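Have a look at the structure below, then the notes.
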Amino acid sequence: MKITFWLLDLNYEKKADQPEIRLWGISSSGERILIIDRNLPSYFYAVVNEDTEPTKLLEEIRNGDFPSVKKVEVVERKFFGKPVKAVKVYCGDPDVIAEYAKELRKFEGVKDCFEDDIRHAMRYLIDNNIQPCGWHEVEATETTDSPNIKVDKLYLAKATPKLVEKTETPKLRVLGFSTIYYSQEGSPKPERNPIVIISTATNCGDQEQFSADEDRKDKHVLEDFIDYVQQFDPDIIVGYSVNGQHWQYLQERCKESGLHLFVDRGQTEPRTSVYSHTSLTGRVNLDLADYVEEFQEIKVKTLENFADFLGVMKIENRTIIEDIDIAGYWNDKAKRETLKKFSLDNTCCIMGITEAVLGFAIQLSNLVGLPLDHVGTAAAGFRVEWFLIKKTHRIGELVPKRIDQPYRPYAGGLVLKPIPGLHDNIAALDFKSMYPNLMITYNLSPDTYVSPTESMPAGGVYETPEVGHKFRKEPPGFYKEVLTYLIKVRSEIRAKMKKLSPTSPEYRVLDSRQKAIKVITNATYGYAGWTGARWYVKPVAEAAAAYGRHTIQSAVQMAEKEELKVVYGDTDSIFLENDKQKVEKLEKDIMDKLKLEIAPDKVYTRIFFTEAKKRYAGLLQDGRLDIVGLEVVRGDWAGIAKTVQEKVLEIILKEQSQKKALEYVQQVIRELRQEHVPYSDLIIWKTLTKKAEEYEVNASHVEAAKMLKAKGWEMSVGDKIGYVIVTGTGRLYERVKPYVLATYDNVDLEYYVTKQIIPAAARILESFGITEEQLLAAKPNPKETKTLTDFFGSR
DNA sequence: GCGTTCAATGTACCT
DNA sequence: ACAGGTACATTGAACGCG
């Protein structure tokens, strides 16, 4: 019979020496199904030396000690665009591929072996053009032989599934969960600390909480949770930091209690798989922590901040319980309910965020070709790479091995010096997807690069300015094809967005989706220059950057010829006088001459630059401030300094009153000294980028991390450390305390005056002749001065 | 011995 | 574990100075 299904997950398995691919899906009638396909591609390539007769090699392989080889054939392939002859070696058993390839590399006449490093499930997807999160049709027979398989129907494929055009997503069952562990002091450790609460919620509206009330052991909590998961039978299980953290914790606790953490559809426990994600057979394990990275605006990437940013659950409307306080809340019967509420709220955050990002994750998975549970954990470079592998397979380009390449830097984008001070009516023009379009226009690609030792191709070459790299004009490289496709998809999404209100949730999702596509599109340039890339070709990236510099320089010259004053520019943008007619003419001229689209990205009623590049603030036409690079948008400045700088910018840009700005700063300083500034506005956050012992110089956040560690809190690379500066003597790093261990009385308020508020304010006001001394000096009688409320009104 | 200078270190940002 | 370009704070050794 013919089955139409949407591919949720897949895995490779070998049952009784029979290798098979298991396709977990949802049928068009809504059944959860498993399709077993025993017909899977299984081969690798041995590329033959130029002076070797490939047929000779065929014989040697046939006569060699390779019992699993089913077939060998000579094929024509390409490697970095150059034709090569290879022997394609088919193996009955996929698991021998790596070993056989290793053997064959030692054979005389074999230059190298390829594609022995492609995982079997990915091989299956690529060769059969099967897409995760996509619909397919398959001829299959139903079987009943399903030990331990939890599906509505089980099928054996009679043929290879075929992709069908159908864009909608089936109704998926989603279960979110979050946990609370009990630890008297320090980070909870599974070998000693129990789980006290597991909160779940589903997209069918059910909420459940399993807790260790009345001295119930966490064994029962886990049992109830496992039963509940199996009963609800979700397609997707979602959590926050579940990969490498919570799943492992639950699993350890299960082991401790003699339980099996069977929450999948195949009676197996969670396993750690590629890109260190946790895999659940037949279900998608989704970790929202992988998606928070897409949101640059979120500085401290907690679940609470993620939900707050998306508007799922505002922080001001809830009680946040810090890790350090959890045990206290649990111990106190009166506060325990608050802890439970906190836990349930976290799960609600998870469900809300899922609603906002799942559609995006599904699209990304489908676009890149990585299964939904891998695509989030895969770094940008790997997402690009899988997308490329799908495309190159179709054009006979062999997938290069990943090899260690020496790092050699090259020149990047050009940044213009800003004209400091205030400017009125400035347009910021952007080249649209500049690097990708340059790569398309000049056919920059790993398979079109012509090295200096090579002869001139028949169709001629593009020669790069400054660096002089050469690229064949014909035929088109695979970057050109890939980038053209990505740009097309993005423009379709943007067209859809135009029909929506910018405040609608759908708009926000589409916006982050198109941003992500943009990131991936732009990442193709970065990918080309990444030493870890399979198709690492430095000249491709270097050429794109050189064309980019050439482009922006030309644009500036053309603008100046139009007598448009350019006040700033960075890589692919120029900021200039917004003379409508002249700007429109310039856009057209640039299009004609440079063959690249440039368009106004933003128009500033007024914009402010310091002497520094990459830092400015502008007043947009709708009255909003657009602040770039300055302390306001940095995560490593105290909230109070950021607030002050933002208000100063607002006063300067909107009212142009230096006096009012000065008075405002002085007023905040007074309020701070009277301890009227909330403690949370004094916390400074910095990332621990390596292990504490590995730092060469003493640093504040490292000291804070060490103090937490001494109290039993595990500190790992990538953690954001929140600290305050406390009173005392000596170096700054000697006056640091983690914010959870300090109190307001310890805080050195003068540090916040002289090293936070004043520098942040002076950054702006020094342009107007106001010095740090002036900001600090002048202590008028409080009775004569305005209060903060006078400046901005009361809420 | 103590303040000043300056390269190095470290982090976060921009496109 | 996508690139290079940039700003800025702090550290700590070198330097200057009786």
Side-chain angles (χ1 to χ4, degrees), chain A residues 274-276 293 296-297 299-300 377-385 387-388 402 404-405 407-418 428 430-436 439 518-538 540-546 548-549 551-552 568-575 601 610-616 626-637 641 684-690 694-703 718 720-721 725 730-736 751 754-756 759-760 762-763:
Chain A
V274 273
Y275 311 125
S276 63
E293 302 300 328
Q296 291 308 137
E297 302 92 327
K299 306 295 174 183
V300 183
T377 46
F382 294 106
R383 294 177 186 172
V384 171
E385 197 152 75
F387 190 72
L388 294 177
R402 198 179 304 286
D404 270 326
Q405 303 271 15
Y407 171 72
R408 280 266 134 242
Y410 63 89
L414 185 68
V415 191
L416 307 181
K417 268 191 182 169
D430 261 19
F431 282 100
K432 297 296 151 198
S433 304
M434 188 176 74
Y435 286 151
M439 291 161 103
K518 185 184 181 182
V519 166
I520 291 193
T521 308
N522 290 346
T524 306
Y525 155 73
Y527 175 85
W530 171 41
T531 57
R534 289 174 186 265
W535 278 285
Y536 171 60
V537 182
K538 199 186 82 166
V540 171
E542 196 168 26
R549 292 192 296 274
T551 300
I552 188 174
Y568 180 60
D570 186 350
T571 310
D572 61 355
S573 67
I574 50 172
F575 291 54
D601 182 42
T610 65
E611 305 264 335
K613 297 169 174 178
K614 297 188 185 281
R615 313 186 115 213
Y616 55 88
D626 181 37
I627 301 172
V628 178
L630 292 163
E631 283 73 7
V632 175
V633 297
R634 291 183 64 97
D636 57 349
W637 282 75
I684 297 162
W685 295 93
K686 275 203 173 95
T687 309
L688 202 64
T689 60
K690 46 187 152 184
E694 289 169 1
Y695 280 83
E696 289 190 32
V697 292
N698 293 307
S700 304
H701 66 301
V702 182
E703 289 306 304
K720 279 259 200 253
I721 316 293
I725 301 300
R731 295 290 205 175
L732 190 63
Y733 66 84
E734 296 171 304
R735 300 194 282 125
V736 158
Y751 167 80
T754 59
K755 296 289 182 178
Q756 291 281 326
R763 189 96 52 224

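Model, not experiment: these values are computed from the prediction. So you know, we letter chains A, B, ... as the sequences are listed, proteins then strands, and number each from 1.
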Give the rounded distance in Å between these two atoms: [atom1] of [X] and [atom2] of [N].
X        : N      : atom1 : atom2 : answer
A/Leu630 : B/dC14 : CG    : P     : 9 Å
A/Glu297 : B/dC13 : CD    : C1'   : 13 Å
A/Asn698 : B/dT11 : CG    : P     : 13 Å
A/Leu732 : B/dT9  : CG    : C1'   : 15 Å
A/Asn522 : C/dC2  : CG    : C1'   : 10 Å
A/Trp535 : C/dC2  : CH2   : C1'   : 15 Å
A/Leu416 : B/dC14 : CG    : P     : 17 Å
A/Ile721 : B/dG10 : CD1   : P     : 15 Å

side-chain N/O [X] vs [N] OP1/OP2, d < 4.0 Å:
X        : N      : answer
A/Tyr695 : C/dT10 : no
A/Lys720 : B/dT11 : no
A/His701 : B/dG10 : no
A/Ser700 : C/dT10 : no

Inset, instruction - Write down the atom of A/Lys755, the atom of A/Trp637, and the distance for their closest heavy-atom approach. - result: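 Here A/Lys755 and A/Trp637 meet closest at O-CZ3, 3.7 Å.
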
Legend entry - Minimum heavy-atom distance A/Leu388-A/Trp535, with the two atoms named: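 Looking at all heavy atoms of both residues, the closest pair is CB-CZ3, 3.9 Å.
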
Legend entry - Side chain to side chain, A/Leu732 and A/Tyr751, heavy atoms closer than 4.5 Å: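 A side-chain contact under 4.5 Å exists here.
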
Inset, instruction - Summarise protein proximity over nucleotides 3-8 of chain C in one line of letters, 5' to 3': B for base, S for sugar-phosphate only, - for none, counting protein heavy atoms closer than 4.0 Å. - result: SBBSSS

Legend entry - Footprint string (nucleotides 1-7 of chain B, 5' to 3'): B base within contact, S backbone only, - free, heavy atoms under 4.0 Å: -------

Inset, instruction - Under the side chain to side chain contact (heavy atoms under 4.5 Å, CB included) rule, collect the residues that match up with A/Pro436, sequence neighbours excluded. - result: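 Once residues adjacent in sequence are excluded, the partners of A/Pro436 under the side chain to side chain contact (heavy atoms under 4.5 Å, CB included) criterion are A/Ser433, A/Leu483, A/Ile487, A/Thr521, A/Asn522.
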
Inset, instruction - Using the test side chain to side chain contact (heavy atoms under 4.5 Å, CB included), find all partners of A/Thr687 that sit at least two apart in sequence or belong to another chain. - result: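 So A/Thr687 forms a side chain to side chain contact (heavy atoms under 4.5 Å, CB included) with A/Thr689, A/Lys720.
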
Would you classify [X] as touching base, sugar-phosphate or nothing, given that sugar-phosphate means primed atoms plus P, OP1 and OP2, and contacts are heavy atoms under 4.0 Å?
X        : result
A/Val697 : sugar-phosphate
A/Arg731 : base
A/Ala541 : nothing
A/Phe387 : nothing
A/Gly532 : nothing
A/Lys417 : nothing
A/Thr524 : nothing
A/Tyr616 : sugar-phosphate

Inset, instruction - Taking A/Tyr525 for its side chain and A/Val540 for its backbone only, find out whether a donor-acceptor pair lies under 3.5 Å. - result: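 Judged by distance alone, no pair lies under 3.5 Å.
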
Legend entry - Straight-line distance of A/Ile721 CD1 to A/Asp636 CG, nearest 0.5 Å: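 Answer rounded to 0.5 Å: 13.5 Å.
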
Legend entry - Rounded distance [0.5 Å steps], CZ in A/Arg408 versus CD in A/Glu542: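 Rounded to the nearest 0.5 Å, the CZ-CD separation comes out at 11.5 Å.
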
Inset, instruction - For A/Asp601, enumerate each residue passing the side-chain hydrogen bond (donor to acceptor under 3.5 Å, both in side chains) test, keeping only those at least two apart in sequence or located in another chain. - result: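 Not a single residue meets the side-chain hydrogen bond (donor to acceptor under 3.5 Å, both in side chains) criterion with A/Asp601.
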
Inset, instruction - Sequence neighbours left out, what passes side-chain hydrogen bond (donor to acceptor under 3.5 Å, both in side chains) with A/Tyr616? Give chain and number order. - result: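 None.
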
Just compare [options] and give me whichever is closest to any side-chain atom of [X].
X        : options                : value
A/Lys686 : B/dA12, B/dC13, C/dG12 : B/dA12
A/Thr689 : C/dT10, B/dG10, B/dC14 : B/dG10
A/Pro759 : C/dA9, B/dT11, C/dT11  : C/dA9

Legend entry - Residues A/Glu703 and A/Arg731 bridged, charged N to O under 4.0 Å: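 Looking at A/Glu703 and A/Arg731, the cut-off is not met.
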
